[in-house]
**Student:** 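Take this structure first; my questions come after.
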Amino acid sequence: METITLGQSGPVVTPLCIGTWAWGDRLFWNYGKEYGPQELQAAFAASLEAGITFFDTAEVYGFGLSEELIAQFLQKTTQKVNIATKYGPFPWRITAQSVADALTESLKRLQVPKVALYQVHWPFTFLMSQETLMNALADEVERGRIEAVGVSNYSAQQMREAHQILARRGIPLAVNQVRYSLLSRQIESNGILNTARELGVTILAYSPLAQGLLTGKYTIAGGSNPSGARKLDSRFSKEGLQKIEPVVSLLRQFGEKYGRTPAQVALNWLIAQGNVIPIAGAKTAQQVRDNAGALGWRLTDDEIAHLEEVSRPWLN
């Protein structure tokens, strides 16, 4: 299994990350109805079996249940696993101590002494300055409770500011977690990707399959119907699916060549961008195995360029 270093000197992780937003979440996902702890335990085990040992969670996922489930699954393995979790800068969190307290609670739920990566979930810190927030995170690196600092959904300028504050403490900003896929390429045009490359920041790409649009399951001719909030998403309408057909068609074409699915090709394209790690959500062992099929092979430069060309309408 290839590996990738988070940022300039962070933990060494697998080039694909398993997203656990749906682990324990009843608000957006159907945890407890369509799947439960047994399916998630199987998904966790399948990840380790496939050599994927990097998991992304957050204190708000399932109101802490995602972290608690991961803790249960960690008890059943001796393998080294890298956990990334996130701090929510809520309006009532106004002091450096509130950062330390939130991390303490996450570590308790995860039942670990430290995490590989601690990320700020969104850039709006309300009454807390970025200076206070980043210095509080730097304190935690020095205390040994987090190995690397990351941010999420930060603009190029916000990322640069966070990077500068941390640099004064001799700590690199390791990660910016943002939406990125063949159907969400805005980070290439708004300066985020270029700034990340300049600063040595790794991009963690969430929604790498565009809510399932890049799996090829949803077609104009019919097939699967989207569930939940996706029913209201215009991208899943007939017109929306017509628009993405050239991209999905090319994914299918390359998939047939390599014996891979459209989703696996779409994930491979992201990995090929360099210093980009897709976060692929999974609720079952089969979904994990499907995601793992993106690893161990590589699209050619021509194929990467062809996908870049056909997906240009999604640059802005």
Side-chain angles (χ1 to χ4, degrees), residues 6-13 17 19-21 23-25 54-75 80-155 158-178 199 201-202 204 206 279:
L6 295 179
Q8 295 166 348
S9 56
V12 175
V13 299
C17 179
T20 66
W21 176 21
W23 293 22
D25 185 279
F54 187 25
F55 295 83
D56 178 75
T57 184
E59 60 174 353
V60 297
Y61 293 171
F63 302 106
L65 186 52
S66 176
E67 291 177 329
E68 289 171 5
L69 286 164
I70 289 171
Q72 289 173 32
F73 306 154
L74 284 172
Q75 305 305 312
K80 181 176 170 10
V81 173
N82 288 301
I83 304 296
T85 192
K86 303 182 200 75
Y87 162 84
F90 298 112
W92 57 87
R93 289 178 166 169
I94 56 175
T95 64
Q97 187 58 43
S98 61
V99 180
D101 292 345
L103 176 58
T104 298
E105 291 307 310
S106 276
L107 293 175
K108 269 187 202 164
R109 285 189 292 270
L110 287 162
Q111 295 177 44
V112 293
K114 65 174 180 176
V115 286
L117 177 66
Y118 198 49
Q119 304 155 95
V120 182
H121 211 148
W122 56 86
F124 317 111
T125 51
F126 303 97
L127 298 173
M128 188 193 290
S129 69
Q130 286 292 331
E131 194 86 34
T132 300
L133 175 56
M134 291 301 146
N135 277 301
L137 293 169
D139 290 344
E140 293 300 344
V141 173
E142 288 170 1
R143 284 177 71 183
R145 297 207 299 170
I146 58 181
E147 289 181 59
V149 177
V151 293
S152 182
N153 300 304
Y154 271 48
S155 69
Q158 289 163 336
M159 184 170 42
R160 196 178 289 282
E161 185 191 353
H163 177 271
Q164 285 168 348
I165 298 166
L166 288 169
R168 290 198 281 272
R169 296 284 298 273
I171 291 164
L173 176 65
V175 155
N176 189 5
Q177 184 174 146
V178 289
L199 302 176
V201 172
T202 300
L204 288 193
Y206 71 78
I279 301 175

**Student:** Taking atom CD of Q177 and atom CG of N153, what is their separation to the nearest 0.5 Å?
**Tutor:** 7.5 Å
**Student:** Check whether any side-chain heavy atom of L107 lies under 4.5 Å from a side-chain heavy atom of Y118, and answer yes or no.
**Tutor:** no
**Student:** Just verifying a value: how many Å separate R109 CZ and T104 OG1, rounded to the nearest 0.5 Å?
**Tutor:** 10.5 Å
**Student:** Check each of E140, E147, R143 against K114 using the side-chain contact (heavy atoms from CB on, under 4.5 Å) test, and report the only one that passes.
**Tutor:** E147
**Student:** State which residues pass side-chain contact (heavy atoms from CB on, under 4.5 Å) with Q72; sequence neighbours excluded, sorted by chain then number.
**Tutor:** L69
**Student:** Looking at CG of L199 and CD of Q164, how far apart are the two atoms once the value is rounded to the nearest 0.5 Å?
**Tutor:** 8.5 Å
**Student:** Please table the atom pairs, donor to acceptor, closer than 3.5 Å between any side-chain atom in residues 96-103 and protein atoms at least two apart or in another chain.
**Tutor:**
residue, atom, partner, partner atom, Å
Q97, NE2, D101, OD1, 2.8
S98, OG, T95, O, 2.5

**Student:** Should R93 and E105 count as an ion pair when the cut-off is N to O under 4.0 Å?
**Tutor:** no
**Student:** Please answer whether the main-chain N or O of V175 pairs with a side-chain N or O of T202 as donor and acceptor at a distance below 3.5 Å.
**Tutor:** no
**Student:** What I'd like to find out is whether the side chain of V112 reaches to under 4.5 Å of the side chain of I83, using heavy atoms alone.
**Tutor:** no
**Student:** Grab the two heavy atoms, one from G10 and one from A148, that are nearest each other, plus how far apart they are.
**Tutor:** CA-CB, 4.5 Å
**Student:** Quick check: closest heavy atoms across A116 and N82, and the distance to 0.1 Å?
**Tutor:** CB-OD1, 3.6 Å
**Student:** How many angstroms lie between CG in L166 and CG in L173, if you round to the nearest 0.5 Å?
**Tutor:** 6.0 Å
**Student:** Nearest 0.5 Å, please: how far is CH2 in W122 from NZ in K86?
**Tutor:** 10.5 Å
**Student:** Would you tell me whether D56 and Q119 have side-chain atoms, one donor and one acceptor, within less than 3.5 Å of each other?
**Tutor:** yes
**Student:** Go through the structure and list residues passing side-chain contact (heavy atoms from CB on, under 4.5 Å) with Q130, not counting sequence neighbours.
**Tutor:** T125, L133, M134, Y154, E161, I165
**Student:** How many angstroms lie between OH in Y206 and CD1 in I279, if you round to the nearest 0.5 Å?
**Tutor:** 9.5 Å
**Student:** Checking T57 against E67: is there a side-chain donor and acceptor pair closer than 3.5 Å?
**Tutor:** no
**Student:** Ignoring hydrogens and angles, tell me if any N or O in the side chain of S66 forms a donor-acceptor pair with the backbone of T20 under 3.5 Å.
**Tutor:** yes
**Student:** List the atom of H121, the atom of G88, and the distance in Å for their closest heavy-atom pair.
**Tutor:** CB-CA, 4.3 Å
**Student:** With heavy-atom distances below 4.5 Å as the criterion, would you say the side chains of I70 and Y61 are in contact?
**Tutor:** no
**Student:** Going by heavy atoms in the side chains, are F55 and F73 under 4.5 Å from each other?
**Tutor:** no
**Student:** For the residue pair V151 and P123, establish whether any side-chain heavy-atom pair is separated by less than 4.5 Å.
**Tutor:** no
**Student:** How close do A58 and T85 get, counting heavy atoms only, and between which atoms?
**Tutor:** CA-OG1, 3.3 Å
**Student:** Does a side-chain heavy-atom distance below 4.5 Å link I171 with L137?
**Tutor:** no
